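Throughout, protein chains are lettered first and strands after them, A, B, ... in sequence-line order, and every chain is numbered starting at 1. No experiment lies behind these values; they were computed from the predicted model shown.
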Amino acid sequence: MIRSLFAVRHRELPAPVEPGTTLASAEALHIKLGARHVLRGVDIEARAGEVVALVGPNGAGKSTLLAALATDLTPDAGTVRICGKDAGEWSAGELALRRSVLPQAASLSFPFLVEEVVRMGRAPWNGTALADNDDEVIAAALRATETTEFAARPFSALSGGERARVALARVLAQQAPLLLLDEPTAALDLRHQELVLRVCRERAAAGDAVVVVLHDLGLAAAYADRVAVLHDGTIAAEGAPAEVFDGALLSRVYRQPVEVLPHPRTGTLLVFPERG
Amino acid sequence: MTATVTPATTSEGETPEDTKSPAGKAPQGNRGRRSVPYLLTVGMLAGLVVICLVSAGIGAYEIPIGDVIASAQHRIGLGGAALDRVGESVLWNVRFPRIVLALIVGASLGCAGALMQGVFGNPLAEPGVIGISSGAAVGGVASITFGLTFFGSWTLPVCAFVGGLITVFLVYAMSRSGGRTEVVTLILTGVAVTAFGGAMIGLFIFFADNAEITQITFWQLGSLAQATWPKVLAVLPWALVGLAIAPFYSRKLDLLSLGERPARHLGVDVERMRVVLMFVTALLTAAAVAVSGIISFVGLVVPHLLRMLAGPGHRFLVPGSALGGALVLAGADLTARTIAAPAELPLGVLTALIGSPFFFWLLRRTRRKQGGWA
């Protein structure tokens with residue numbers, strides 16, 4: 001009891017890292033859910049200052065890989081390392097200072113206000129010197145996700161897309177150097193999809209590592225430094241969008257003819273399903 | 001209990017002033033909502049004092065409230081004057097133990113209800129509804145039937161605690177799937193557990209002799225009529241330990257409302273917290289059931305009303321529900337023994353009479369919000 005009360009003060013705070021440092025990595029990762037081998041030998045790294053997009057068809061193992069990096073799942077084989085240490089060696093409190101996770105669906109059991117929900121993101125810092133910045137950090141997170149105007153409303157009164165942004169604000173408020181986002185754009189309109197990925201870029205520019213599961217390949221091409229295409233529990237291709245997004249590869253992985261062409265003005269890759 | 005309420009509310013009360021408001025509209029909304037816990041705490045404390053005084057005065061032997069205060073002052077050496085011999089005896093050996101017992105039972109039930117709802121993430125969880133009280137009652141009845149005395153006056157509470165603990169883990173294990181507790185599963189598990197508990201109690205009664213049957217029946221109806229100081233002492237430590245541990249988990253309960261995984265991502269050791277809180281709930285329920293039998297719905301109604309008034313933050317809700325539970329039960333006991341005077345209604349019957357319609361309303365409301373159970 002007493003120990004858990006004061007544990008926060010003995011917690012080792014994460015040290016600032018050089019850009020390019022590996023913050024999370026998976027090596028030869030195997031994960032079985034029930035009888036199904038969801039991941040079969042996956043290697044991936046998330047480095048400080050980078051946005052990594054995980055793409056692939058439904059059931060390819062994107063969310064499972066993200067959950068494994070979040071240390072929600074225990075590998076059946078292989079290792080997951082967070083900030084240089086084996087995932088199992090960190091306590092829950094230490095991990096909370098190092099990685100934040102946006103779940104696919106945001107739920108809430110009781111009618112907390114939006115501002116209270118975002119404030120929950122500050123919980124890991126409770127009792128540390130950085131807790132003094134709570135109010136500024138929360139205000140900044142609300143601004144970044146354009147949710148400031150909902151701050152005083154109950155979370156349960158928001159629409160799906162608004163909830164998704166509030167959940168993201170909570171994740172931003174946690175200020176962990178590793179951000180794991182599971183389909184942050186799924187429920188969002190065009191403007192806010194762009195907004196969320198700009199936020200990802202800003203966090204990467206500030207020195208964080210961002211891993212984001214995306215379905216929109218155009219968004220991945222425009223905003224990610226590296227893309228990993230998952231296919232049947234393995235990584236089919238990994239690298240810069242220009243290297244990875246190849247019509248033949250995507251057509252095979254998605255079982256749907258896909259066209260990739262550069263934008264006439266900016267040169268960013270555009271990905272389309274081929275339509276008759 | 002009071003001591004834990006006050007700092008929490010003041011620290012919350014300060015925030016709006018020194019916050020550069022994060023949102024345009026936030027301050028008004030928040031200030032309104034944040035001063036509520038403070039007002040509620042003061043209001044409930046005042047109500048508690050009044051009810052205790054009235055309760056001490058009213059009964060077959062009337063004692064004016066002035067005399068009650070004078071006698072209390074006399075006992076703690078602050079002037080005042082003792083009553084005559086009969087009055088003094090009625091006040092200190094009959095009424096006060098009964099009031100104290102009502103406060104302990106009420107605070108335990110209210111707090112246990114708030115904790116259960118937080119742990120299950122479900123506003124319908126309550127020791128009585130989901131069968132924990134029934135499990136504790138089986139333990140209690142067993143100790144009466146078998147004439148167990150291995151811990152002296154603590155035997156019944158210990159048996160009730162063991163029964164409650166087994167049930168709480170059983171219900172928990174049976175009603176969760178995929179990290180969520182569905183309302184239907186929870187309620188149905190409660191029905192099944194209560195039915196099984198009823199069968200066990202029936203079995204024990206079948207094997208009990210007449211004197212034991214009388215004792216069991218009175219105990220089961222839920223009454224504080226047999227209150228004595230030794231009874232108070234037999235359950236006070238359990239309740240105090242539970243009430244003391246509970247507030248330390250308030251913040252973590254807030255985080256748990258995001259779901260199990262998000263709570264873990266925010267640094268909560270969810271499994272450990274669950275085990276501790278189930279233990280605490282069993283402790284509190286056992287303390288209540290051991291002296292008063294099954295008194296249902298206090299743990300359901302009190303946290304729910306407070307959540308509606310002051311918001312769902314557990315830093316107020318957990319200690320607040322203990323305070324509110326004490327207030328409600330002291331009031332209910334006063335009503336139970338005066339409304340049909342000189343006869344006395346069983347307390348459990350009274351709370352169930354008032355609580356059941358409330359439960360019904362809550363069920364309807366939850367159903368409407370979720371758009372059905374399926």
Side-chain angles (χ1 to χ4, degrees), chain A residues 1-2 4-5 8 11 67 70-72 91-97 99-103 105-126 134-143 147-156 167 170-171 174 176 180, chain B residues 12 15-16 18-34 117-123 125 179-181 241 244-245 248-249 251-273 276 303-304 307-308 311-314 317 369:
Chain A
M1 189 70 250
I2 299 290
S4 67
L5 256 183
V8 169
R11 209 176 272 166
T71 70
D72 288 336
S91 72
E94 288 169 329
L95 273 175
L97 298 174
R99 62 100 178 82
S100 53
V101 185
L102 179 76
S107 66
L108 192 66
S109 315
F110 297 109
F112 283 97
L113 302 181
V114 166
E115 200 234 325
E116 292 171 324
V117 172
V118 177
R119 192 172 287 275
M120 289 177 191
R122 296 302 295 163
W125 300 96
N126 185 23
D134 279 6
D135 292 321
E136 286 106 276
V137 175
I138 291 162
L142 288 167
R143 263 198 315 276
T147 46
T148 308
E149 58 174 312
F150 316 135
R153 282 200 227 158
F155 183 79
S156 46
R170 171 177 70 72
V171 168
Q174 197 177 338
L180 305 169
Chain B
E12 272 185 22
T15 340
D18 49 41
T19 310
K20 281 184 237 91
S21 72
K25 283 182 205 155
Q28 287 84 17
N30 285 357
R31 185 170 298 137
R33 187 145 149 179
R34 284 187 186 175
Q117 293 171 17
V119 170
F120 281 96
N122 193 317
R180 265 168 45 82
T181 316
V241 169
I245 296 176
F248 288 108
Y249 284 85
R251 243 172 206 283
K252 293 178 180 172
L253 281 172
D254 284 353
L255 298 181
L256 193 63
S257 68
L258 291 169
E260 214 165 297
R261 278 189 179 182
R264 197 175 305 119
H265 297 151
L266 288 168
V268 180
D269 186 342
V270 177
E271 279 319 303
R272 200 183 69 167
M273 162 175 159
V276 172
H304 201 82
R307 200 179 287 116
M308 279 162 65
H314 288 88
L317 198 62
K369 249 192 349 213

(request) Would you please test B:His265 and B:Glu260 for side chain to side chain contact (heavy atoms under 4.5 Å, CB included) and show each step? (result) CA-CA 9 Å; B:His265 297 151; B:Glu260 214 165 297; over 6 Å; no

Of the backbone (N, CA, C, O) and the side chain (C-beta and beyond), which part of [X] lies under 4.5 Å from a heavy atom of chain B, both, or neither?
X: A:Val118; result: neither
X: A:Ala106; result: neither
X: A:Leu108; result: both
X: A:Ser107; result: both

(message) Between A:Arg99 and A:Gln174, do the side chains contain a donor N or O and an acceptor N or O under 3.5 Å apart?
(response)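 No, A:Arg99 and A:Gln174 have no side-chain donor paired with an acceptor closer than 3.5 Å.
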
(request) Would you check, one step at a time, whether the test side chain to side chain contact (heavy atoms under 4.5 Å, CB included) holds for A:Leu113 with A:Arg153? (result) CA-CA 5 Å; A:Leu113 302 181; A:Arg153 282 200 227 158; over 6 Å; no

(message) I'd like to know which of B:Leu266, B:Val268, B:Leu255 tops the heavy-atom pair count under 4.5 Å against chain A.
(response)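 That would be B:Leu266.
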
(request) Report the option among B:Ser257, B:Gly118, B:Pro262 that has the most heavy-atom pairs separated by less than 4.5 Å from atoms of chain A. (result)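 When all of B:Ser257, B:Gly118, B:Pro262 are compared, B:Ser257 has the most.
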
(request) Fit a plane to each ring of B:His314 and A:Phe112, take the angle between them on a 0 to 90° scale, and name the class: parallel (under 30°), tilted (30 to 60°) or perpendicular (over 60°). (result)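 Taking A:Phe112 first and then B:His314, their aromatic rings sit tilted (interplane angle of 30° to 60°).
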
(request) Using the test side chain to side chain donor-acceptor pair (under 3.5 Å), find all partners of B:Asp269 that sit at least two apart in sequence or belong to another chain. (result)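 Counting only residues at least two positions away or on another chain, B:Asp269 forms no side chain to side chain donor-acceptor pair (under 3.5 Å).
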
(request) Apply ring-ring contact (aromatic ring centres under 6.0 Å, His included) to A:Phe155 and list each qualifying residue two or more places apart in sequence or on a separate chain. (result)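 So A:Phe155 forms no ring-ring contact (aromatic ring centres under 6.0 Å, His included) with any residue.
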
(message) Given heavy-atom pairs under 4.5 angstrom as the criterion, report whether the side chain, backbone, both or neither of B:Val270 touches chain A.
(response)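 Contact with chain A involves no heavy atom of B:Val270 at all.
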
